[in-house]
Amino acid sequence: MLQYQKVVIIGGSSGIGLETAKQVIALGADVIIASRSEDKLQKAKEELGSRAAVYTLDTTQEQQVQSFFETVGQFDHLVVSAAETSGGSFLQTDTTQARQLFENKFWGQYYAAKYGAPKISANGSITLFSGVVAYKAMIGSATLGAVNAAVANLGQTLALELAPIRVNIISPGIIDTPSRSKMTEEARNDFYAKVASKLPVKRTGTAEDVAQSVLYLIQNGFVTGTVLHVEGGHILT
Ligand SMILES: NC(=O)c1ccc[n+]([C@@H]2O[C@H](COP(=O)([O-])OP(=O)(O)OC[C@H]3O[C@@H](n4cnc5c(N)ncnc54)[C@H](OP(=O)(O)O)[C@@H]3O)[C@@H](O)[C@H]2O)c1
């Protein structure tokens, strides 16, 4: 149970982070969610109710991350699901876009761990987000794969350096969340159907699938430095 515990979820206004916030609240915790868009945060707050507080935060801005944690104060668990990702042909992708991916998904999580850790209770935890393309090479995912691998390695080293705080990493596979809302519905459905047909589980993942795994990592005091693959057997295919 997470009764009376305080959980900070950066990226908690959408997808996996929002679902994690719901599940954490159901177990009795208070939640702080943070992301860039006020609009998304307000909608999430309406769904989550009075146990949730919301903060506007851009994790690419180091100073903002630092002052965010000063405002939040002491807490128990940090989950960083914040990311905006992109893909594309290695040769045709502008290097600026590639660097932005590192800024957003790698450095965002780095700053969150750096400034969040000193405020986390000794029996608390940090959960970072990697992704399947770090473990299964896919055309169009050269930079994202490198970012995800870097996050996993960062998390495993932090499990040693920040101990006794536990640090774990989730590596989701293809999960149906608003992260692909820029695709047309038809293209998205085609993509999901194609992926599902290749996976041993014959379906894509849901935010609930991944949130359950975050809850496991938060609650199991004997798990640290683990990369938990939640991807329906994707890396076996
Ligand atoms: N969905 C998948 O198939 C999949 C696959 C592999 C890995 N993952 C990873 O799983 C994690 C969660 O993904 P998701 O599918 O739940 O994505 P999502 O639904 O798009 O949610 C991403 C969240 O991050 C926030 N965010 C993005 N950039 C931010 C920034 N710079 N500062 C603060 N907040 C930021 C977004 O809100 P704002 O726009 O308001 O900032 C949103 O709340 C990510 O690390 C993603 O890369 C997902």
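Whatever order the structure lists ligands and atoms in, that order sets their numbers, starting from 1. The residues of the chain are indexed from 1 along the displayed sequence.
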Can you sort out which atoms of ligand 1 are near [X], meaning under 4.0 Å from one of its heavy atoms?
X	result
Ile174	3 (O)
Ile16	10 (O), 12 (C), 16 (O)
Gly15	16 (O), 19 (O)
Gly11	23 (C), 24 (O), 25 (C), 43 (O)
Phe129	10 (O), 11 (C), 45 (O)
Thr85	47 (O)
Ser130	7 (C)

Minimum heavy-atom separation for Thr237 and Pro200, please, with both atom names.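 Reported closest heavy-atom pair: CG2-CD, 3.9 Å.
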
Is a donor from one side chain sitting under 3.5 angstrom from an acceptor on the other, for Glu19 and Gln23?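 Looking only at side-chain atoms, Gln23 and Glu19 do form a donor-acceptor pair, the distance falling under 3.5 Å.
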
Shortest protein heavy-atom distance from [atom], along with the residue and atom involved:
atom	result
atom 43 (O) of ligand 1	Ser13 OG, 2.7 Å
atom 33 (C) of ligand 1	Leu57 O, 3.1 Å
atom 1 (N) of ligand 1	Ile175 O, 3.2 Å
atom 17 (O) of ligand 1	Ser179 CB, 3.6 Å
atom 5 (C) of ligand 1	Gly173 O, 2.9 Å
atom 39 (O) of ligand 1	Lys40 NZ, 2.6 Å
atom 32 (N) of ligand 1	Thr59 N, 2.9 Å
atom 42 (C) of ligand 1	Ser14 CB, 3.7 Å

Given [options], identify the one with the heavy atom nearest to [atom].
atom	options	value
atom 24 (O) of ligand 1	Ala82, Pro172, Ala207	Ala82
atom 9 (C) of ligand 1	Arg36, Gln109, Lys105, Glu231	Lys105
atom 12 (C) of ligand 1	Ala34, Ala83, Ser81	Ser81

Would you say [X] touches ligand 1, if touching means a heavy atom closer than 4.0 Å?
X	value
Ser181	no
Gly108	no
Arg180	yes

Test your reading of the model: is there a side-chain donor-acceptor pair from [X] to the backbone of [Y], 3.5 Å cut-off?
X	Y	value
Asn168	Gly225	yes
Arg180	Ile175	yes
Ser141	Ala137	no

Trace of the side-chain contact (heavy atoms from CB on, under 4.5 Å) decision for Gln109 with Ile10: CA-CA 9 Å; Gln109 298 197 73; Ile10 305 182; over 6 Å; no

Name all pairs fulfilling the ring-ring contact (aromatic ring centres under 6.0 Å, His included) condition that reach into residues 23-71, sequence neighbours left out, sorted by first residue then second.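 Found Tyr55-Phe68, Phe69-Phe75.
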
Run the salt-bridge test on [X] and [Y] with the 4.0 Å N-O cut-off and return the result as yes or no.
X	Y	result
Lys43	Asp39	yes
Glu84	Lys105	no
Arg99	Asp94	no

Checking side-chain contact (heavy atoms from CB on, under 4.5 Å) for the pair Asp30/Val7: CA distance, chi angles, key distance, verdict? CA-CA 6 Å; Asp30 289 317; Val7 180; over 6 Å; no

Any idea which part of Thr177 is under 4.0 Å from ligand 1, heavy-atom wise: side chain, backbone, both or neither?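 For Thr177, the contact with ligand 1 is made by the side chain alone.
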
Could you go through Gln5 and Leu27, starting from their C-alpha distance and side-chain angles, then the distance that decides it, and tell me whether this counts as side-chain contact (heavy atoms from CB on, under 4.5 Å)? CA-CA 10 Å; Gln5 302 224 333; Leu27 291 176; over 6 Å; no

Nearest 0.5 Å, what's the CD-CD1 distance between Gln74 and Ile120?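 Interatomic distance, Gln74 CD to Ile120 CD1, rounded to 0.5 Å: 9.5 Å.
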
